[in-house]
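Both counts, for ligands and for their atoms, begin at 1 and track the order of listing.
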Amino acid sequence: MKMIAFSVRDDEEPFFREWSTKNNIQVDLIKDPLTDETMDKINGHDAVLALQTGEYPKSLFNKAQSLGIKVFSIRNVGVDNVDLKEASANNIAVTNVPAYSPTAIAEFSVTLLLQLLRKIDNFRKRSEQQDFRWEGNVGQEIHDKTIGVIGTGRIGKAAISIYRGFGAKIVAYDPYPDSKLAAEGIYVDSKEELYQKADIITLHMPASLKDKHTIDAQAISEMKDGVYLINTARGLLIDTAALIDGLKSGKVAGAGLDTYENESPLFNHDLRGKEIKDPLFNELRELENVIVTPHVAFYTDTAVKNMVRLSLNSAKSVIETGTADSIVNAE
Ligand code: NAD
Ligand code: COI
């Protein structure tokens, strides 16, 4: 058995090497992402392990099948950028890591909100100038707010539990409500109802094309004045131009964004000293009431270790037994 992993970072490498030694299975580590240019490297392997937020090569699964690949294991949760139908048509199992650390993302989303509500960035910038005045930066508290959670899966649930610790009121929307949370009466029947009730809206749903720009100008117009938006889910869910309008008008008081709809040429790249040719992104990040982070909500020591180990375990399981709990393209 031989595996190949793409987009391998230095912080992942020890976990790959440890697993490879322990299981006595060769895992070739490639720093580059899986692209048309690097795809030939999969030749001679049984499993491909990948992690990227952008598109995979269009001909990936067709080529992979012809080269004898049995499983494509992503080291992350979201499968929005994987052509699952094409994988199935080519008899390749796709696995993800559904729960490497939901709390990592939930904690980060709350961190973004706290930074916005307590104007941490403004105080930090002032402090750098030796300006230690308070005025103009009065904060807000979470405990007297209503938090609207869209998507109450693993991460949404972890976020709810944190917000409850703050004493906040929760309203939630999910087309597949959790029975325990439903019994607690937190669900509303529609996103529109949630928009009307929530002071803060946090997105924890997956992104499929049908949900593109779920948060658009119409949705924003239905929200409370001065709403805060937090998105650690997927950039595609928010119409950035509409959000910018909302932020500029004051309708949206602040946004904490760990994802952005055109993020893949930007995030996790060193663009120091380079011109960013994305006017929408440039406009967004220049706004004072916005925090943009480069898709790092997942990025903790616990999560990184689990992402590597669990994806390797799934790939091994598919090769040895033909199946794994984390297959996402089962019929
Ligand atoms: P999950 O599958 O456990 O939960 C997703 C929930 O969303 C489910 O309860 C589902 O019923 C619900 N849902 C589906 N469609 C919906 C809709 N149209 N409206 C409202 N709810 C809907 O997934 P999870 O582990 O909680 O992850 C959620 C998302 O977070 C992932 O799909 C991924 O896009 C994103 N994510 C981001 C990071 C990061 O680093 N920023 C890391 C991991 C995951
Ligand atoms: C996910 O696990 O879905 C993420 O968004 C993390 C990212 C590194 C792909």
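Between Y176 and ligand 1, no N or O atom pair is found at a separation short of 3.5 Å. Considering backbone and side-chain atoms together, M307 places no N or O closer than 3.5 Å to any N or O of ligand 2. Taking distance alone, with nitrogen or oxygen atoms compared against 3.5 Å, T232 approaches ligand 1 more closely than that limit. For I155, a nitrogen or oxygen atom sits less than 3.5 Å from a nitrogen or oxygen atom of ligand 1, counting backbone and side chain alike. Remark: ligand 1 and I105 share no N or O pair separated by less than 3.5 Å (distance only, no angle test).
Using a 4.0 Å cut-off to heavy atoms of Y100, the atoms of ligand 2 that qualify are 1 (C), 2 (O), 4 (C), 6 (C). Less than 4.0 angstrom separates some heavy atom of G78 from each of these atoms of ligand 2: 1 (C), 3 (O). Remark: ligand 2 atoms within the under-4.0 Å shell around heavy atoms of R234 are 1 (C), 3 (O), 4 (C), 5 (O). Near L51, the atoms of ligand 2 lying under 4.0 angstrom from a non-hydrogen atom of the residue are 8 (C).
For S59 and N62, the side-chain atoms include no donor-acceptor pair closer than 3.5 Å. Counted by atom type alone, Q218 and E222 present one or more donor-acceptor pairs between their side chains at under 3.5 Å. With no hydrogens or angles considered, a side-chain donor-acceptor pair links D174 and T152 at under 3.5 Å. A side-chain donor-acceptor contact under 3.5 Å links S73 and T95. Between D11 and Y299, the side chains place a donor N or O and an acceptor N or O closer than 3.5 Å (distance only, hydrogens not considered). Side-chain contact check for E135 and N137: no donor-acceptor pair (N or O, by modelled atom type) lies under 3.5 Å. For the 3.5 Å distance criterion, the side chains of T202 and H204 qualify, holding a donor opposite an acceptor.
For atom 33 (C) of ligand 1, the nearest non-hydrogen atom of the protein is R234 NH1, 3.6 Å. Atom 21 (N) of ligand 1 has its closest protein heavy atom at P175 CD, 3.3 Å. Nearest protein neighbour of atom 12 (C) of ligand 1, counting heavy atoms only, is D174 OD2, 3.1 Å. Among all protein heavy atoms, the one lying closest to atom 40 (O) of ligand 1 is F298 N, 3.1 Å. The closest protein non-hydrogen atom to atom 3 (O) of ligand 1 is R154 N, 2.9 Å. Ranking protein heavy atoms by distance to atom 31 (C) of ligand 1, first place goes to V77 CG1, 4.0 Å. When only non-hydrogen protein atoms are considered, atom 28 (C) of ligand 1 lies nearest to H204 O, 3.5 Å. Shortest contact from atom 13 (N) of ligand 1 to any protein heavy atom: P206 CD, 3.7 Å.
For atom 17 (C) of ligand 1, the candidate residues are K210, M205, H295; the nearest heavy-atom contact is made by M205. In the candidate list H295, R75, Q52, H295 is nearest to atom 4 (C) of ligand 2, counting heavy atoms. Across P98, P177, G153, heavy-atom proximity to atom 6 (C) of ligand 1 is greatest for G153.
No more than 12 heavy-atom neighbours from other residues, nucleotides or ligands sit within 6.0 angstrom of CD on E288. Counting non-hydrogen atoms of other residues, nucleotides and ligands closer than 6.0 Å to CD of E55 gives a total of 12 or fewer.
K212 contributes atom NZ, which lies 15.5 Å from atom CZ of R234 (distance to the nearest 0.5 angstrom).
Contact check on R75 versus E12 returns a salt bridge, with a Lys/Arg side-chain nitrogen under 4.0 Å from an Asp/Glu carboxylate oxygen.
Partner T146 forms a side chain to side chain contact (heavy atoms under 4.5 Å, CB included) with one of I170, V171, I201 and no other, that one being V171.
Proximity of T152 to ligand 1, defined as any heavy-atom pair under 4.0 Å, is confined to the backbone N, CA, C and O atoms.
In this structure, K157 has no heavy atom closer than 4.0 Å to ligand 1. Y299 does not count as a contact of ligand 2, since none of its heavy atoms falls under 4.0 Å from the ligand.
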